[in-house]
Amino acid sequence: MRRPFVAGNWKMHGSRAENADLIDALLQGLPAQPACDIAVCPPVVYLWETGRLLKESSVALGAQSVCAEPIGAFTGEVSAAMLKDVGCRYVIVGHSERRHHYKEDDALVARKFLAAQSHGLIPILCVGEFLEERERGQTMAVISRQLAAVLDLAGVDAMRNAVLAYEPVWAIGTGKNATPAQAQEVHAHIRATVAARESASGGKIAAALRVLYGGSVKAGNAAEIFSMPDVDGGLIGGASLKADEFLKICAATQAH
Ligand code: 13P
């Protein structure tokens, strides 16, 4: 079945010295056979060096964003080919901070998803609603719209090489996580939305798709969230910057 996956999104944190200490502590603390797949997503400027520090470990490298264009005059941007070239396996696309602070709309997120896949990267596609949308009963409609943009452009087969992440905006960095039941409800909806696109494959793509939860996951609440049947791990912000917390979160996937 689905192997759990935990990815650390370091956001705009760290320094060369801090990253070296964090990776060192992570690699020291990791069991020989981790309970899940693990990745860390440092700021782009640290990708190469972090990849070197991870060496042949079981921790994979991911980026936090990617340009939708393949090459050319796009000052400040980084292409999927470049991320692949420095050793990335994953890239986050559609994080709410990109959608909202940098006005990345559904169509651009879908193009980024496609750009990542076309260079052999596995996109971690984030979806999630604002608190007002949840309060208005629009959560499922928002998630469906965000997913549809990608499914329309990339097709359902693309979900064979992708990871989904449900990150309710109101839970990110707020200390207020979704309840396990709230997460499960949306995760089941995501899986059903993908399954509805499958005619030839009879729901197999949706059944194999890993759907992570992100938003104030900590060592103390990870196990109960990961115990939900459609929650296949987590996308971790603040708690991924502390090795002991992150390792405990990885171990909590055993609850799945
Ligand atoms: P926090 O874990 O800090 O709430 O952030 C979640 C997140 O945005 C991961 O991408």
Side-chain angles (χ1 to χ4, degrees), residues 4-14 18-19 22 26 36-44 46-47 50 59-66 83 88-102 104 109 112-113 116 121-131 133-134 139 142-143 146-147 150 162-180 182-183 186-187 190 210-226 228 231-253:
F5 179 38
V6 174
N9 176 8
W10 293 1
K11 307 191 180 182
M12 200 169 73
H13 293 286
E18 285 168 357
N19 301 348
L22 178 54
L26 275 184
C36 58
D37 290 343
I38 303 169
V40 292
C41 305
V44 69
Y46 298 128
L47 283 170
T50 305
V59 180
L61 189 66
Q64 298 177 13
S65 186
V66 63
L83 296 179
C88 287
R89 179 168 165 77
Y90 300 97
V91 60
I92 299 169
V93 297
H95 192 280
S96 76
E97 287 148 20
R98 302 290 325 169
R99 290 180 188 265
H100 305 128
H101 300 328
Y102 299 98
E104 295 189 4
V109 171
K112 290 185 171 211
F113 179 101
L121 294 166
I122 299 174
I124 302 174
L125 171 65
C126 300
V127 295
E129 82 287 3
F130 282 110
L131 184 59
E133 292 168 330
R134 173 163 282 270
T139 300
V142 169
I143 304 296
Q146 292 172 336
L147 261 180
V150 174
V163 174
L164 257 289
Y166 169 52
E167 296 210 323
V169 182
W170 47 272
I172 296 176
T174 58
K176 188 174 185 284
N177 59 286
T179 65
Q182 284 172 324
V186 176
H187 284 227
I190 290 170
R210 294 190 287 190
V211 186
L212 315 182
Y213 168 78
S216 298
V217 178
K218 309 223 167 353
N221 61 18
E224 61 167 4
I225 298 172
F226 297 165
M228 294 290 113
V231 180
D232 305 310
L235 183 54
I236 318 300
S240 72
L241 300 170
K242 298 178 203 123
D244 57 337
E245 276 274 314
F246 190 63
L247 287 166
K248 283 183 192 151
I249 292 168
C250 293
T253 58

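As the structure lists them, so they are numbered: ligands from 1, and atoms in each ligand from 1.
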Less than 4.5 Å apart, any side-chain heavy atom of Tyr213 and any of Asn177? yes
Between ligand 1 and Thr174, is the shortest N or O to N or O distance under 3.5 Å? no
Side chains of Asn221 and Lys218 in contact at under 4.5 Å (non-hydrogen atoms): yes
Derivation of the side-chain contact (heavy atoms from CB on, under 4.5 Å) call for Thr50 and Trp10: CA-CA 12 Å; Thr50 305; Trp10 293 1; 4.3 Å; yes
Could you identify the single nearest non-hydrogen protein atom to atom 9 (C) of ligand 1 and state the distance to 0.1 Å? Glu167 OE2, 2.9 Å
Could you tell me which atoms of ligand 1, counted from 1 in the order shown, lie closer than 4.0 angstrom to a heavy atom of Gly215? 4 (O), 6 (C)
Atom 6 (C) of ligand 1: closest protein heavy atom, distance to 0.1 Å, is Gly237 N, 3.7 Å
Take Val142 and Gln146 through the side-chain contact (heavy atoms from CB on, under 4.5 Å) test and state the conclusion after the steps. CA-CA 6 Å; Val142 169; Gln146 292 172 336; 3.8 Å; yes
Looking only at protein heavy atoms, identify the closest one to atom 3 (O) of ligand 1 and say how far it is in Å. Gly238 N, 2.9 Å
If we only consider heavy atoms of Ser216, is any one of them less than 4.0 Å away from an atom in ligand 1? yes
Please walk me through it: do Arg99 and Val127 pass side-chain contact (heavy atoms from CB on, under 4.5 Å)? CA-CA 10 Å; Arg99 290 180 188 265; Val127 295; 4.2 Å; yes
Regarding ligand 1, does Gly173 bring an N or O atom to under 3.5 Å of one of the ligand's N or O atoms? yes
How does Asn9 reach ligand 1, if at all, at less than 4.0 Å between non-hydrogen atoms: by side chain, backbone, both, or neither? side chain
Using heavy-atom distances, let me know which of Lys176, Lys218, Glu97, His95 sits nearest atom 8 (O) of ligand 1. His95
Would you indicate whether the side-chain heavy atoms of Thr139 and Gln182 approach each other to under 4.5 Å? no
Going by heavy atoms in the side chains, are Ile92 and Lys11 under 4.5 Å from each other? no
Within the structure, does Ile172 bring an N/O atom to less than 3.5 angstrom of an N/O atom in ligand 1? no
After noting the C-alpha distance and the side-chain angles of His100 and Phe130, does the key distance pass the side-chain contact (heavy atoms from CB on, under 4.5 Å) rule? CA-CA 10 Å; His100 305 128; Phe130 282 110; 3.3 Å; yes
Report yes or no: does Asp232 contribute a side-chain atom to a donor-acceptor pair with the main-chain N or O of Val163 at less than 3.5 Å? no
Atom 5 (O) of ligand 1 sits nearest the protein heavy atom Lys11 NZ, 3.2 Å
Within 4.0 Å of some non-hydrogen atom of Ala171, the atoms of ligand 1 are 4 (O)
Check if Ala7 has a non-hydrogen atom at a distance under 4.0 Å from any atom of ligand 1. no
